[in-house]
Every structure is written in structure tokens, then in C-alpha cells.
Amino acid sequence: MLKIYNTLAREKQIFTPIVAGKVSMYVCGMTVYDYCHLGHARVMVVFDMVSRWLRTSGFEVIYVRNITDIDDKIIKRANENNETIGQLTQRFIEAMDEDSAKLGVLRPNIEPKATKYVDGMIKMISALIKKGFAYVAANGDVFYSVNNFEGYGKLSGKSLEDLRAGERVEVDTHKKDPMDFVLWKSVKPNEPSWDSPFGGPNGGKGRPGWHIECSVMSSNLLGEQFDIHGGGQDLQFPHHENEIAQSEAAHSHDGKACQMVNYWMHNGFVRVDDEKMSKSLGNFFTIRTVLEKYDAEVVRFFILRAHYRSPLNYSDKHLDDAKLALTRLYTALRGHVVSDTAIDWQHPQSARFKEALDDDFNTPEAMAVLFDLANEVNKTKAVEAASLLKNLAGVLGLLQRDANEFLQGEVIINAGVGQLNLEGLPAKITGTGTSSQAQSTHAVGEFTVSNKGIEQFIEQRLAAKKAKNFAEADRIRKELADAGIILEDSPQGTTWRRA
RNA sequence: GGCGCGAUAGCAAAGCGGUUAUGCCGCGGCCUGCAAAGCCGUUUAGACCAGUUCGACUCUGGUUCGCGCCUCCA
């Protein structure tokens, strides 16, 4: 039985969908004005894992992750870049798709763009005005009146009084209450706008505020009430609080509020040096930067290795550690021809795996099962265990590549190469270095040794070994090791992998 | 100032009122020409102070420290 930690209740609750066997899930996606960073990666990977587990558990899932393609930052950035908003957002949507695909994130069922739902937003704002939850200010902005919504603060655990006390919001003279938030922004020069019936000095022309987007897209696609709403912890307030205020007020019938979401899920932050990674702090690493150095599966593994609600500290050291751990799993799978048969959920390890994920998606515990299975594979060489390992890992979107592809695939070897004697080693040069540079004493650059070259060296070493010339054999091995190639002898022959 | 979350071994990270988490690193052994990988064994825990209990890392209270939200943020 699946249990989910519900932010609304601040406890784990048994998950009961609105419609038996079906799950409707909405996750706040990205504002596309820049490349995604690791914080975004975490949201994508975490809720990808959630949707995978729900499907594995037999639910029919509709997963919606929106795209915010109109907002202050987008307008500003497009102006800076001298490109249209459409060009800018399209570029970064493509980049996001690339990044998420590399991380093994499956596409959500629907990825609505805010700009396609402006009509719906106007409708909902009109309904809010009509019901007395919103008002048109003198400047043409439309604000939500928080005082009129009884449950304001129920998600974030804040009261209006507390909020006002610690208030850092700039005083906007157009607002009736400092906590009121904007639903519709009256048009400004050089900004895109849509017509609306809200009136005001600009005849209603304007564009939607951020919060209203999600209320409209979620209810349009999933209905007035749906099962799960997810997002990063930082969206809890004010974004999600405002979504509730908008949706529940707009969808109230005869004065009775309609509960918008049954289970609110929030993932923890990615941190750098114990501080939240964010655009505003400037301490962020984009996904593509990290992928220059680390295999995408290592990054996915790194994210799933921690519980989704815990903070996750990012550093090269942690990624290195994750890489070694994942290497252990792939090493266990190496040489096994694994069957793609259905998972036997009666198997003790499968049962343990299921129990872990059913307990609020406890991926660290599920991972422990994977390592126990790897140990079993190494010990018994049993194909069944290897199959189970691969298939269970597949539920998390891991371990699906050929082991050798992971272990031998090209990785970039940094620095230090200048000291190596690579004479005669067929080296393929990538990046900034050149062949001669790589072999010179002060080479700075990156290179990878071709697989064919490695095989040649293994042959040479084998010959040396046969001739009992161990000094030569060790020299070759050492040289390869310095180049990041580790040799492993076994009764079946010599295999290799990249460090 | 208000509200919330957390503190686990060298690092990372879970469960659990009494029995090995797990991964990396370290140490000993097996294997190996020697290594690596793997296997076996093993050293390092539960911020601090009280309380509940036969028994607490696990429950309760307090202290200290860290983080987050209260403004855009995944």
C-alpha cells in the first residue's frame, strides 16, 4: 500500500486516488529563459521516478508538467538577446528536452505551455472577480484578495497575520492588502499583451500573472480536483498557496470550496556548500555543465540515491562517489545475458524494494536492495539475480544500458596527461588539446584513448605475460592506468574499464 | 521577528524501541605472477542535557547548531 508524505497534512498518508486505478498528477515545470540547473534536474528526475513507480504499481497515470513561457524574466532576457520571446523559449524548451532525455526522464503525458491557456486564465480571473475574490485596481492590474479566501495559508502553515508581520513585500499602493497577489498585469510598453474584459486605463490589455497559469492548466487538463501536485519546496509559498486560493475559490459551488489537490508533494533542494542552489544566489550548475564531466546516469543515480524530501548536497566528490557506486552495480551485471522477464514481486528482494518505494518513495532503501542483489550476483553468478537486479533498477530508470557501454564508454580524462609516456598509444583527441600537446610535457587538454588502442595494448601485455615478462606487462598496465584505463584479469581473459 | 525542516560513523545516506542498512574510503584475509574486480571478515555512529521504558539512535521535553520559507525561485 502506497504512502505519500502530504505537505498539506504534514504526514505520510495512505494514497487513495479519486478514481480507482487512475492517478492525475501535475508538477510545476520550468520557466524557460535559461538552461536548466541541477535543481531543475532534481524535480524532473524525482517526479519521473514517482510516475514510474505509480505506473509500475498498476495505476494509469496522467502526468502533466507545465512550461511557463511568458514571464518578466523571459521578456527581459529576450530583449537583452534581441530575439523574440518565441525564439528564446523555443530554444530553451529544446535544451530542456535534451537535458531531461539524457537524465532518463520520460516525457510527461502533457506539457502545456502557459501562452496557450490565456483564454482559460481570463475566464478564471473573471470568475474570481465575479465571486468577489479578485478586484481590478486603478492601474488595470487585477489582484487576488487573500482576505476573502478562508483557507489562505493552509499549505504553507502561515497565517495572514504572520505573513504581514514578517512582510518584506514592496508596498504596492494599488493593492488593498499587501499580501494580495497579481492575477493580471496591465500592459507595459514593449511587452506582449492579450485582450481582456477587465477594463482599466489600458482597456484590459495585459498578461497573466504566474500563479494563475498553473491553476488554469491543471484544472483544464486534470479537472477541478486531482490527485497529486508536485514541485520544489520553494514553490510551497507563495506559488502553491496561491494556486489553492485561486482554484478553490474559482471552483467553489454555492459557496462551498472544492478541494483542488489531495496530495501535495515537495522535493528538497539541491545545495552547494550547504546553501540552496538557485539562480538568485548564482551558485548553480547547469545540467549540461555537469554532463560535460559526468555520465548522465551517474547524475540520475546521485539524485535518486537520496530521499526526495532530503536536501541534496552537490559536489564533485559526491558525484565521484555516486559514480563508483553505480560502477559496482554495472560490474555485477557485466557478462550476464539478462532476461527481460516480468519482475517476480514475491521474491524477498522485490518485496523489499516495493515496500521501500511504497513508503513515500524511499529510493535510498530501494537502492540498498539493488546492492544486496549485486552482491548475490557476484557470489552466485545466478542469471536470475542479475535479471532481477536489472529489472528492479529499471523501475528507477537505471542500469538499462549494456554494462560495457557504461564501464568502457568514453569519458573525459583530465589533466596530468602530460606526464604520461603515451608513445605509440593510439590516442583520439577531443576537446581543446591536440595530439602533440597531449604527449608533450605541459599538455593541458582532454583526450580519450580509443577502444581499439586499448585492445592492442591488452594483446601486447598478454604476450608479455605469456613470456613471463611481468615487468613489461606491469609497465603496460601502469601506463594504461595512468591514462584512466583499468585492466582486470580473469580466468575468461582480460577486461578493461575506464576509471 | 514569525513559521517549518534537520542534526547518524572519515564521506554520503536509510530503516528501526532490543537482532548486519547500503555505497565509497580504511584495515585483515582469500583469489591473482603482482594488481584490479570479486568474495569473506573488520574498525569508525547516532549534536548536547533530561525524561518515559526492562531496554532508545529510534518516543517526549529542553538546549545548541545548521538549513529553508516569509520577495522571483525547482
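Chain letters run A, B, ... following the sequence lines, proteins first, then strands; residues in each count from 1.
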Just distance, no hydrogens or angles: give the donor-acceptor pairs under 3.5 Å from side chains in residues 366-376 of chain A, sequence neighbours left out.
residue	atom	partner	partner atom	Å
Asp372(A)	OD2	Arg352(A)	NH1	2.8
Asp372(A)	OD2	Arg352(A)	NH2	3.4
Asn375(A)	OD1	Lys379(A)	NZ	3.3

Subject >> Test: Lys279(A) cationic atom under 6.0 Å from Tyr33(A) six-membered ring centre, within 45° of axis >> reply: yes
Original post:
Distance under 6.0 Å and angle within 45° of the ring axis: does Arg65(A) meet both against Phe47(A)?
Top reply: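 Output no; distance or angle outside limits.
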Original post:
rA21(B) pairs with which nucleotide, Watson-Crick or G-U wobble, both distances below 3.5 Å?
Top reply: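 Result: none.
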Original post:
So what's rC59(B) paired with, Watson-Crick or G-U wobble, going by both distances under 3.5 Å?
Top reply: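 Paired with rC59(B), as far as the under-3.5 Å criterion goes, is rG51(B).
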Subject >> Heavy-atom protein contacts under 4.0 Å, nucleotides 32-43 of chain B, coded B base, S sugar-phosphate only, - none >> reply: -BBBBSSSS---
d([atom1], [X]; [atom2], [N]) in whole Å:
| X | N | atom1 | atom2 | value |
| --- | --- | --- | --- | --- |
| Met179(A) | rC70(B) | CE | P | 10 Å |
| Glu241(A) | rC69(B) | CD | C1' | 12 Å |
| Leu304(A) | rA14(B) | CG | P | 12 Å |
| Gln492(A) | rC31(B) | CD | C1' | 13 Å |
| Asp274(A) | rG68(B) | CG | C1' | 12 Å |
| Tyr5(A) | rC5(B) | OH | P | 6 Å |

**OP:** Give, ordered by number, those residues of residues 361-371 of chain A having at least one heavy-atom distance below 4.0 Å to an atom of RNA chain B; if nothing qualifies, reply none.
**Re:** Asn362(A), Pro364(A), Glu365(A), Ala368(A), Phe371(A)
**OP:** For the residue pair Tyr26(A) and Phe226(A), categorise the inter-ring angle as parallel (less than 30°), tilted (30 to 60°) or perpendicular (more than 60°).
**Re:**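 Taking Phe226(A) first and then Tyr26(A), their aromatic rings sit tilted (interplane angle of 30° to 60°).
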Original post:
Is the phosphate of rC72(B), meaning OP1 or OP2, less than 4.0 Å from a side-chain N or O of Ser278(A)?
Top reply: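 The answer is no; no side-chain N or O of Ser278(A) sits under 4.0 Å from OP1 or OP2.
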Original post:
To the nearest 0.5 Å, how far apart are CG in Leu407(A) and CG in Asp402(A)?
Top reply: 8.5 Å
**OP:** Measure the CZ-CD1 distance between Phe457(A) and Ile485(A) for me, rounded to the nearest 0.5 Å.
**Re:**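 CD1 of Ile485(A) is found 11.0 Å from CZ of Phe457(A).
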**OP:** Please state whether the base of rC70(B) and the side chain of Lys158(A) form at least one donor-acceptor pair under 3.5 Å?
**Re:**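 Per atom types, no contact qualifies.
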Original post:
For the side chain of Asp321(A) and the base of rG23(B), is some donor closer than 3.5 Å to an acceptor across the two?
Top reply: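 It does, because a donor-acceptor pair links the side chain of Asp321(A) to the base of rG23(B) below 3.5 Å.
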Original post:
Which sits closer to the 5' end of RNA chain B, Asp234(A) or Arg352(A), going by the nucleotide each is nearest to?
Top reply: Arg352(A)
**OP:** Select one nucleotide: of rC11(B), rA74(B), rA14(B), the one nearest the side-chain heavy atoms of Ala306(A).
**Re:** rA14(B)
**OP:** Assign Gly39(A) to base, sugar-phosphate, or nothing according to its heavy-atom contacts below 4.0 angstrom with the strands shown.
**Re:** base
